Amino acid sequence: MHTDRRTLLQAAAALPLATVGASPAFAAEAPAAAPAAPPPKEVTRALAHYLVTASYDDLPPNVRKEGVRTLLNWVGVAIGGSHHETVDIAVAALTPFSGPQQASLFGRRERFDIMNAAFINGVSSHIFDYDDTHLKTIIHPAGPVASAILALSEMQPVSGKEFLNALVLGVETECRIGNSVYPNHYDVGWHITGTAGVFGSAAAVGKLLKLNEQQMTWALGLAASQPVGLRESFGSMNKSFNPGRAASNGMFAALLAAKNFTSSDGMIEAKRGWANTISTKQDYNEILGDLGKRYEAALNTYKPFACGIVLHPAIDAAIQLRNENKLTADQIERIDLKVNPLVLELTGKKTPQQGLEGKFSVYHAVAVAIVEGAGGEKQFSDRAVTDPTVLALRSKVVPVITPAIKPEQVDLTIVLKDGRKLNRFIEHAIGSVEVPLTDKQLEAKFSDLADGIIPGAMIRRVMDACWNVESLPSAAEIAKMSVST
């Protein structure tokens, strides 16, 4: 009779120690082994079970509304970034290798296969660093998820309700997984939008493909095998590559799983799985706790400023003081700001040479906010970082690391040449959960981004389609009307 190796090992483990080669004396003298820690719950499978059973009707009204706001903001930034040099290069590089023209490129005329369309739209939506932000993890949730499922919706029927449910579930998945390893994972250098975002894409695409529990488990496992993104890329085109690649990688995982391409069933939580390999912190309750009751997707926020989120309090303070006091650059002697250590770690570039670098310079962000009274896409362009007035004021910005200041805060003081001191402390910047952008402000942001890229009359139609996505018979309508003519 054949006995396999696993059965033999299990049988040996059940025998008394003396019967498998150790002396009785040694067995008696050996100290009692400490009880083994219980293995973590079947995190990957439990998450997969939730994803395949969660329905649109389960979503609370506030979560649905935030999902709609997430969609509107994402479409706006994807259109707005669509003609950046980064996107032009990506389109030129991939055109010879793109497959059938299955999906739209937002803000452009070209059509690509869904894999490459998901990638390019993900790049486009992040290149301005103007996209949505889950502040607890600094994940930009929509890029990896919306880029993938909007492309898929042009290939197969997807109703608006199905789309919104998949979008929320994808955002929920990536943010919960991000919570489980943040900040340790981020601190060592991973770009968490890419590394966690791939799970959001896989979950959302898998939901629309109607994967069963086993297939969804495999999709999450295949996603875990594709972490992408390092913080060293910040300030270059590579940063926007990360959410774009997370979108296409997640779709890749779900499409393979749909055909029963297998993975480990414990790829998130296993000893040599995703969480243990890429982080020294693993809190699986952040993934599974109160699933379907507590929604991270309801905590999404939308940037009023086109740069790294830790700069927003300083920009907010600078613009407030500028406008209230009608300040001009030539009045200013020095700008002191007390900031959390993370601010200089992420945005300490003193002499940015390109617009993308300016998005990670607290010196530039504060200077341009005072000179131009804004922090939009135009303030983080190549033109803005070389503006002589901005350059001169930039040298007067003096950030001081102050651990007592939280990352979402700033204490900014402008010292004027006449001796006056103007101070503003920001507890929560505009665009935060506590001070959210209104629907009207989101529309103004969308219109500004889309102006000149899609026809003026179409801007209103696209916004209305986003607001009313739940009533659309086909979510693909949004993609098809968001292109350049």
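This structure is a prediction, so every number in the text was calculated from the model and none was measured.
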Tell me if a side-chain donor or acceptor on [X] pairs with a main-chain N or O of [Y] at a distance below 3.5 Å.
{"X": "S361", "Y": "K349", "answer": "yes"}
{"X": "E162", "Y": "S159", "answer": "yes"}
{"X": "Q379", "Y": "G376", "answer": "yes"}
{"X": "S236", "Y": "N238", "answer": "yes"}
{"X": "E172", "Y": "E296", "answer": "yes"}
{"X": "D58", "Y": "S55", "answer": "yes"}
{"X": "D451", "Y": "S447", "answer": "no"}
{"X": "R231", "Y": "Y186", "answer": "yes"}
{"X": "D387", "Y": "V390", "answer": "yes"}
{"X": "T195", "Y": "V228", "answer": "no"}

Establish, yes or no, whether the cationic atom of [X] lies under 6.0 Å from the six-membered ring centre of [Y] and within 45° of the ring axis.
{"X": "R64", "Y": "Y56", "value": "yes"}
{"X": "R69", "Y": "Y302", "value": "no"}
{"X": "K303", "Y": "Y130", "value": "no"}

Say you draw a straight line from [atom1] of [X] to [atom2] of [Y]; how long is it, rounded to the nearest 0.5 Å?
{"X": "L51", "Y": "L211", "atom1": "CG", "atom2": "CG", "result": "9.5 Å"}
{"X": "I120", "Y": "S82", "atom1": "CD1", "atom2": "OG", "result": "11.5 Å"}
{"X": "I478", "Y": "E154", "atom1": "CD1", "atom2": "CD", "result": "11.0 Å"}
{"X": "S471", "Y": "L164", "atom1": "OG", "atom2": "CG", "result": "11.0 Å"}
{"X": "K65", "Y": "D439", "atom1": "NZ", "atom2": "CG", "result": "4.0 Å"}
{"X": "D464", "Y": "I459", "atom1": "CG", "atom2": "CD1", "result": "12.0 Å"}

Is it the case that atom [atom1] in [X] sees more than 12 heavy atoms from other parts of the structure closer than 6.0 Å?
{"X": "K396", "atom1": "NZ", "result": "yes"}
{"X": "K281", "atom1": "NZ", "result": "yes"}
{"X": "H49", "atom1": "NE2", "result": "no"}
{"X": "E85", "atom1": "CD", "result": "no"}
{"X": "Y363", "atom1": "OH", "result": "yes"}
{"X": "Q441", "atom1": "CD", "result": "yes"}

At their closest point, which heavy atom of [X] faces which heavy atom of [Y], and how far apart are they?
{"X": "A247", "Y": "S147", "result": "CB-CB, 3.9 Å"}
{"X": "M216", "Y": "V52", "result": "CB-CG1, 3.8 Å"}
{"X": "H428", "Y": "S432", "result": "CB-OG, 3.6 Å"}
{"X": "V205", "Y": "A148", "result": "CG2-CB, 3.8 Å"}
{"X": "M251", "Y": "A118", "result": "CE-CB, 4.1 Å"}
{"X": "A369", "Y": "A318", "result": "CB-CB, 4.0 Å"}

ask   = Going through the checks in order, is the side-chain contact (heavy atoms from CB on, under 4.5 Å) test met by C466 and V68?
value = CA-CA 7 Å; C466 291; V68 171; 5.5 Å; no
Return yes if a side-chain donor-acceptor contact under 3.5 Å exists between [X] and [Y], otherwise no.
{"X": "T280", "Y": "N184", "value": "yes"}
{"X": "N62", "Y": "E66", "value": "no"}
{"X": "N423", "Y": "D411", "value": "yes"}

query = Do W74 and F446 pass the ring pair (Phe, Tyr, Trp, His ring centres under 6.0 Å) test, and can you show the C-alpha distance, the side-chain angles, and the key distance before you say yes or no?
reply = CA-CA 9 Å; W74 182 87; F446 187 110; over 10 Å; no
Flag the pair [X] / [Y] as yes when at least one side-chain heavy-atom distance between them is below 4.5 Å, and no otherwise.
{"X": "F360", "Y": "C307", "answer": "no"}
{"X": "E174", "Y": "I192", "answer": "no"}
{"X": "V385", "Y": "H364", "answer": "yes"}
{"X": "I287", "Y": "E269", "answer": "no"}
{"X": "V63", "Y": "P60", "answer": "yes"}

query = Less than 4.0 Å between a side-chain N and a carboxylate O, is that true for K359 and D129?
reply =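 No salt bridge links D129 with K359.
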query = Is the shortest side-chain N to carboxylate O distance from D88 to R108 below 4.0 Å?
reply =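 Yes, charged N to carboxylate O under 4.0 Å.
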inquiry  = With side-chain contact (heavy atoms from CB on, under 4.5 Å) as the criterion, how do I177 and W274 come out once you've worked through the C-alpha distance, each side chain's angles and the decisive distance to 0.1 Å?
reply    = CA-CA 10 Å; I177 290 175; W274 184 84; 3.4 Å; yes
request  = Quickly, which of N179, V171, T301 forms a side chain to side chain contact (heavy atoms under 4.5 Å, CB included) with H134? Name it, please.
outcome  =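 Considering N179, V171, T301, a side chain to side chain contact (heavy atoms under 4.5 Å, CB included) with H134 is found only for N179.
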request  = Take W467 and E443 through the test side chain to side chain donor-acceptor pair (under 3.5 Å) and record every step on the way to the result.
outcome  = CA-CA 10 Å; W467 286 128; E443 286 197 347; 2.7 Å; yes
task = Take T86 and I89, measure what side-chain contact (heavy atoms from CB on, under 4.5 Å) needs, and give me the verdict at the end.
result = CA-CA 5 Å; T86 302; I89 290 172; 6.0 Å; no
Ring-plane angle category for [X] and [Y], please: parallel below 30°, perpendicular beyond 60°, tilted otherwise.
{"X": "H84", "Y": "F128", "value": "perpendicular"}
{"X": "H312", "Y": "F305", "value": "perpendicular"}
{"X": "H126", "Y": "H140", "value": "tilted"}

ask   = Taking it one step at a time, do E324 and R424 satisfy salt bridge (Lys or Arg N to Asp or Glu O under 4.0 Å)?
value = CA-CA 11 Å; E324 290 171 12; R424 184 57 43 88; 2.8 Å; yes
key: CA sep, side-chain torsions, deciding dist, call: E408, K136, salt bridge (Lys or Arg N to Asp or Glu O under 4.0 Å)   = CA-CA 10 Å; E408 66 270 22; K136 288 165 65 176; over 6 Å; no
request  = Kindly determine whether D336 and T413 satisfy side chain to side chain donor-acceptor pair (under 3.5 Å), including the steps that lead there.
outcome  = CA-CA 5 Å; D336 297 326; T413 300; 6.0 Å; no
task = Could you check Y182 against D187 for side-chain contact (heavy atoms from CB on, under 4.5 Å), going step by step and ending with a plain yes or no?
result = CA-CA 8 Å; Y182 188 85; D187 287 346; 5.8 Å; no
inquiry  = The test is side chain to side chain donor-acceptor pair (under 3.5 Å); show your working for D132 and N300 and say whether it passes.
reply    = CA-CA 7 Å; D132 55 331; N300 209 6; 2.8 Å; yes
